[in-house]
Amino acid sequence: MPAPSSTTTPIVSLEHVTLRYEHGVTALDDVSVSIAEGERICVLGPNGSGKSTLASVVCGLLAPDEGAVQLVGHEVFGERGIDFEAYRQARRQLGLVFQNPDDQIVTSVVEEDVAFGPENLGVPSEQIGPRVERELHRVALDRYAKADPSRLSGGQKQRVAIAGALAMEPRVLVLDEPGALLDVRGRRGIMHVMDKLQAAGTTIVHVTHFMEEALAADRVLVLSKGRLVLQGTPREVFAHGDELSALGLEEPFTARLSEALRDRGVCVPWTIDEGELAEAIASLATHASKADAARITESRAAAPNQDAPAVLADGLCYSYGATDGREERHPALDHVSFAIPARSTAAIVGQTGSGKSTLLRLLCALEGPDAGRLVVSGIETSNRRQRRLLHGRVGYVMQHPERQLFAETVWEDVAYGPGNMHLDAAEVERRCREALALVGLTGREQSSPFHLSGGLQRLCALAGILAMEPTILVLDEPTAGLDPHGRAQLRQILDRISDHGVTVVQVTHSMDDAALADQVIVLNEGTLLMQGAPYEVFAPTTEQALRDSGLGLPEALSWALRLAAQGMHVGTPLTLETLADALQAACEGGAHGL
C-alpha cells in the first residue's frame, strides 16, 4: 500500500510533534507522520532513536509537548493542548504490545490477564470468554490458560501480552519489538498474525530491530535522534545502505549478500528480493560440483577442545512446583547431559519454554538439581553449601541486565561487585578500569547509568559482572532488543572476553549467533535434542528436526539449501561471508565453463 495521499483521511496523524523527557532529552523532534487505515508501518532505528516514544504517542500513552495528534478520528492534542476525553475515547480502539511483557501483565492467571483489557472496555461477559480462547489459541498458549504468568518463560509472557492486546480488537495495533524474546517459530507466528490482522483491516505499527520483518510492511519509517530521516517502501528505504549503516542499522540478508557478491566482483544487481538474486546467480553459474561442496564443509571442522570441562551435566533433572507434594511438579529439564570445555564458547538454543533459562539458573548455582549431576568449575551443585563457592566464579547476565543498575555513577555501579569481595582499593580500581575498557565505556565513569542509552546501560551492567572476573560468563538472550550495531558490538565484546580465557555460555534465539559458537546445545521441551559443533547441529540432515522443535537454520545455510534444491551446490556455509565466498567460486567456475 502506498503512503496515504492528501485526500485520504488518516487513522493516525502526527504533525510537527516534539516530545521532551526530563534532563533535556528530546525523544521526538518535529516528527510528522500520516498513517492510512489498514496500512502496515514498520519503524526502524538505532537504540535511543525515539521508536518506543513514537509507539507510545501513536497508541495514546504519551502526549507530546508540541504539534498536533489525531488518533482514530479524535483530535487528542493540538493548539489547546491535551484533550483528555478525546484520549479516553481513542484509547478504546488502540492496542499496544510492549517490548518487555512484565510491564504489561497484571494478573496471576493467564486467561484472566488476556480478559483484563476487554473487561475494562466494557465488552459483554458472554463475548469475553470466546475472545480469550480465540487469542490464546492464536498465540499457541491454549494449555497455559490457567497458568501463573510469572512462572512462564520470557517468550511465553510476551505471547500472553500479545493475546491480551488482540482480545481488545483494536483498530490500530502498535507492537514494540514483539519478537525480541521469541524463538524462530514464535516470531514467524507473530508475523503470520500480523498478516491476518492486516487482511482483516487492522492498522499495524510495528517497531522492530529485525530487518527481514520490515520487508512485509507497506511503508518503513527510520528514526534517528528523534527525527524522521527516511521513509518509503522497503525497497526504497533499504536502497540507502550507506545511510542505514551510518545509523547503526543494516540491510536485510539478501541485500547484504548481493552487496558482498558485488564487492567480490560478481555482477549481480542490488536487491532485497531473494528470487531476483537467486535468478541472477543462476544465470552466472551452472553449479558447483559436489566435491567443491564437500571441501567447503570440511574446511570448517575444527580440532576438538581438549580442555577439562567448565560445565558437566549428567542426567540433569529439574522440576517446578511445590515441594510439599500437594502441587503437581512440572519438569523443566529431563535427564539432560552435556559438557562445555573450559575457555570455549557455547550457545544454548531451543523454542520458548524448552528449559533454557532454567538451565542457566542451575549453571549459576541459583538452584540445585532435583536429580543427576551438575558440576560447574569443578564444584558439585547439588549441595547448597557447595553452590555458594561458585558465587563470583560464575557471572550471570540476565535478559534485562540494565535492571540491575542502581548506583549514582557508572563507576560506583561497576565497583559494587568487586568491592563486596573484600579486595583492596587498588585491585578494585584495576578490575573496574579493565572491565570498562573491555565494554567500551572508558570516559563515562562519572555518568549516571540511568542517563545512558538502553544499549550502553546493558554494557554497564555487563562491566559490573566482568569486574568480578568470573571464570564462566553466562548470558540469557544478551542481544535481545539491541539494534544491529549493538548486536555486532556485543559479539565483539564477547569475543574479547573469550580471548581472555573466560568460558562464555549464552542462550540465544538467533541461529546466526549460535553458528559462531564452538558448541551448540539444543533443548526441546526440557530434553536434549542434539549437541555438537555448529556444522554438526546446523546441517541438511538436521533441518527438519530443528524446524519441528520451533527453530531453524542460520540464514546463510537456508540460502544454500534453497540453491541446492535448484541444482546449485555451494556446500553448507553458516555465515554470509562463507556463503558469498562459495557463490563467488561457483559463479567464476560457471563463467569459465561458458
Side-chain angles (χ1 to χ4, degrees), residues 21-25 27 45-50 52 99-100 180 209 224-225 245-249 345 392 394-421 423-506 508 513:
Y21 289 126
E22 295 180 2
H23 311 292
V25 176
N47 289 110
S49 61
S52 293
Q99 178 179 347
N100 184 3
H209 281 137
S224 175
K225 298 179 180 178
S245 179
L247 294 174
L249 302 178
T345 60
V394 179
Y396 182 31
V397 182
M398 300 183 294
Q399 278 187 354
H400 302 283
E402 55 272 21
R403 295 187 173 187
Q404 298 171 236
L405 304 175
F406 65 94
E408 293 185 5
T409 68
V410 167
W411 181 269
E412 291 171 343
D413 215 298
V414 175
Y416 180 79
N420 282 341
M421 297 172 68
L423 304 171
D424 60 52
E427 178 64 11
V428 170
E429 179 174 354
R430 180 192 68 79
R431 291 188 177 203
C432 290
R433 293 203 181 283
E434 289 184 1
L436 288 169
L438 197 59
V439 302
L441 287 181
T442 299
R444 296 181 180 266
E445 291 86 353
Q446 298 309 311
S447 300
S448 167
F450 303 105
H451 295 167
L452 301 177
S453 69
L456 293 182
Q457 285 184 339
R458 189 166 299 193
L459 295 180
C460 180
L462 176 58
I465 301 297
L466 295 178
M468 300 173 70
E469 296 192 349
T471 58
I472 302 174
L473 180 64
V474 176
L475 307 101
D476 195 356
E477 289 289 350
T479 60
L482 292 182
D483 58 34
H485 174 74
R487 292 198 295 269
Q489 182 183 21
L490 185 58
R491 290 187 196 108
Q492 292 174 354
I493 291 170
L494 294 180
D495 285 343
R496 292 201 295 269
I497 293 169
S498 177
D499 290 342
H500 280 67
V502 177
T503 305
V504 178
V505 182
Q506 67 167 310
T508 181
D513 281 351

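Here the structure is a predicted model, which is why all the values come from computation and not from measurement.
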Side chains of Leu459 and Leu452: closer than 4.5 Å at any heavy-atom pair?
no
Which pairs pass ring pair (Phe, Tyr, Trp, His ring centres under 6.0 Å) with one or both residues in residues 466-505, sequence neighbours excluded?
none
Under the side-chain hydrogen bond (donor to acceptor under 3.5 Å, both in side chains) test, residues paired with Glu445 that sit two or more places apart
none
Under the ring pair (Phe, Tyr, Trp, His ring centres under 6.0 Å) test, which residues partner His451, sequence neighbours left out?
His23
Taking Gln446 for its side chain and Thr409 for its backbone only, find out whether a donor-acceptor pair lies under 3.5 Å.
no
Which distance, rounded to the nearest 0.5 Å, do you find between the CD of Gln489 and the CG of Leu456?
7.0 Å
Between Ser49 and Pro46, what is the shortest heavy-atom contact and its length?
OG-O, 2.8 Å
Drop me the distance from Leu441's CG to Arg433's CZ, to the nearest 0.5 angstrom.
13.0 Å
Which pair of heavy atoms, one from Leu405 and one from Phe450, lies closest together, and at what distance?
O-CZ, 3.6 Å
For atom CD of Glu427, decide whether the heavy atoms of other residues, nucleotides or ligands shown that lie under 6.0 angstrom number more than 12.
yes
Please list, chain by chain and in numerical order, all residues satisfying side-chain contact (heavy atoms from CB on, under 4.5 Å) with Glu22, sequence neighbours excluded.
none
Would you find a donor on one side and an acceptor on the other, under 3.5 Å apart, between the side chain of Asp483 and the backbone of His209?
no
Got a sec, which pairs hit ring pair (Phe, Tyr, Trp, His ring centres under 6.0 Å) with one end in residues 424-445, sequence neighbours left out?
none
Residues in side-chain hydrogen bond (donor to acceptor under 3.5 Å, both in side chains) contact with Arg444, at least two apart in sequence or another chain
none
Test: salt bridge (Lys or Arg N to Asp or Glu O under 4.0 Å). Region: residues 451-466. Which pairs qualify, not counting sequence neighbours?
Glu402-Arg458
Say you draw a straight line from CD of Glu429 to CG of Asp424; how long is it, rounded to the nearest 0.5 Å?
10.5 Å
Locate the shortest heavy-atom distance separating Phe406 from Asp413; write the atom from each residue and the value.
N-OD2, 2.9 Å
Shortest non-hydrogen contact from Thr442 toward Ala437:
OG1-CA, 3.3 Å
Check side-chain hydrogen bond (donor to acceptor under 3.5 Å, both in side chains) between Tyr416 and all other residues, then give those that pass, not counting sequence neighbours.
Asn420
Ser245 meets the side-chain contact (heavy atoms from CB on, under 4.5 Å) criterion, sequence neighbours left out, with none
So which pairs with a foot in residues 490-502 pass salt bridge (Lys or Arg N to Asp or Glu O under 4.0 Å), sequence neighbours left out?
Arg491-Asp513
Looking only at heavy atoms, what is the nearest atom pair of Ala407 and Pro449, with distance?
O-CG, 3.4 Å
Pairs under 3.5 angstrom only: tabulate donor-acceptor contacts from the side chains of residues 462-480 to other protein residues two or more places apart or in another chain.
from   : atom 1 : to     : atom 2 : distance (Å)
Glu469 : OE2    : Arg430 : NH1    : 3.4
Glu469 : OE2    : Arg430 : NH2    : 2.9
Thr471 : OG1    : Arg393 : O      : 3.3
Asp476 : OD2    : Ser357 : OG     : 3.0
Glu477 : OE2    : His509 : N      : 3.1
Glu477 : OE2    : His509 : ND1    : 2.7

Could you pull out all residues at least two apart from Ser224 that satisfy side-chain hydrogen bond (donor to acceptor under 3.5 Å, both in side chains)?
none
